[in-house]
Amino acid sequence: MSRGLSSTSLPQLAELQALVALGGAHLQERVVCEVAAGDGRYPVHVVTLGNPSPDVPAIGFFGGVHGLERIGAEVVLAFLRSLVMRLPWDGVLHRQLESVRLVFMPLVNPAGMARGTRANARGVDLMRNAPVDAVAHVPFLIGGQRLSAGLPWYRGVAGAPMEVESQALCQVVDDELLSRSFSMAVDCHSGFGLRDRIWFPHAHTAEPIAHLPELLALKAILDQTHTHHRYVLEPQSRQYLAHGDLWDHLYLRALAERPGHTFLPLTLEMGSWLWVKKNPRQLFSRHGIFNPLIEHRQQRVLRRHVGWLDFMARAACSYRRWVPLDEDARAALRAQAFAHWYNAWA
Ligand SMILES: [Zn+2]
């Protein structure tokens, strides 16, 4: 813990550090960057467990990119907690960990979380901060803007290096995920709409991504396994286009630099308007629009999404059993995916 700030000022950071201590020798932890906030500094931790071999697939769980969306960090921490508590007794978990690498970065933007802001301490929205521009019209402000750090969705100065938190996240993806032949990422957010949505790229264009067949195959096993799940899996571009999306940036870079690699980055957008609808007083709290404020609802939200994160870890571990294996299978899935998500045939 850095001088100047105690982890008690950020309960999610205290929880992460407690889980690292509980996990002991079963997991590895490192600080990938430190973020200045006021007079002190916050560490950004990465926790890894499972097989470190480059021959096994990997999945990364990210949270707290938007500081105000505490529930995103809490969902990732709740999943990590369930794994850590199973380590002493669950032999099936240990079998799973022989075949997969799990990567956790639950608090990407600790300064934003401590301040209760979407942006980092410098006023930059990390999810609008990557060097990728939308190719068509984006909605005013929300699609990303360079007018002022005093307004939301600020991208940062054009041409400037990415923020330290964004750079740290990219480095973790490079080192831990893209170094393997198959990887996925799940980045947990809240605040959009009534439904729980799972978004995949692109955010900068309505053009479909290259790995559409793999995503439809993932949707199929999710639908088959969790018959009554409430998630809408879709390209983000179906909702709105945005500049500077980190996952578009990382996906495009993986495609260009590691052509043999399959990298599927997903963003969970928990539908917080439902929590507001059930408890309208939340509208008058800044946190209330982005987080469940009633304890039983918070527990229900955590339970539901921890179940999905566990599904994703299993899917990563066993990807060879569900990804399309040859070009004929990919072509068939691509045609179905076009019809499902883009109302057109390839
Ligand atoms: Zn968000």
Side-chain angles (χ1 to χ4, degrees), residues 12 35 44 60-77 105-130 132 134 138-139 141-145 149 151-156 162-163 165-166 168-170 173 185-204 231-251 265-276 282 285-293 298 301-302 305 308-309:
Q12 294 82 3
V35 185
V44 177
F61 299 95
F62 301 82
V65 168
H66 289 139
L68 185 54
E69 301 164 17
R70 292 178 314 203
I71 188 68
E74 287 162 359
V75 163
V76 176
L77 287 167
M105 195 173 181
L107 271 164
V108 173
N109 176 14
M113 192 162 296
R115 294 152 50 98
T117 60
R118 175 181 170 94
N120 70 0
R122 288 156 40 85
V124 177
D125 184 335
L126 302 177
M127 202 41 88
R128 299 287 182 275
N129 183 225
V132 47
V138 305
L141 295 184
I142 190 176
Q145 51 86 17
L151 292 170
W153 302 290
Y154 179 58
R155 301 182 62 188
M162 280 192 281
E163 296 296 297
E165 301 92 333
S166 309
L169 186 152
C170 293
V173 169
V186 176
D187 181 16
C188 296
H189 290 252
S190 65
F192 184 87
L194 285 167
R195 299 285 301 273
D196 294 324
R197 291 170 191 279
I198 303 165
W199 282 342
F200 57 83
H202 297 114
H204 79 290
Y231 296 102
V232 180
L233 179 65
E234 63 182 2
Q236 179 180 335
S237 60
R238 278 227 319 203
Q239 297 302 329
Y240 63 89
L241 297 185
H243 296 302
D245 186 275
L246 263 177
W247 298 109
D248 271 25
H249 169 65
L250 288 163
Y251 178 76
L266 304 174
T267 303
L268 170 63
E269 277 286 346
M270 288 173 259
S272 65
W273 299 355
L274 196 62
W275 312 328
V276 176
Q282 289 196 193
S285 147
R286 200 155 52 98
H287 284 292
I289 300 170
F290 294 93
N291 303 287
L293 295 185
Q298 161 111 0
V301 167
L302 292 178
H305 298 302
W308 179 65
L309 296 187

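Note that ligands are numbered from 1 as they come in the structure, with each ligand's atoms numbered from 1 the same way.
Atom ND1 is the N/O/S atom of H66 found closest to the Zn ion (ligand 1). Closest to the Zn ion (ligand 1) among the N, O or S atoms of H189 is ND1.
What you find for L141 and W153 is that their closest heavy atoms are O-CB, 3.0 Å. Minimum heavy-atom separation, V76 to L309: CA-CD1, 4.3 Å.
Within the 2.8 Å limit, E69 places at least one N, O or S atom next to the Zn ion (ligand 1).
Between the side chains of N129 and E163, no donor-acceptor pair is found at a separation under 3.5 Å.
Looking at heavy atoms from C-beta onward, Q236 lies out of side-chain contact with D248 at the 4.5 angstrom threshold.
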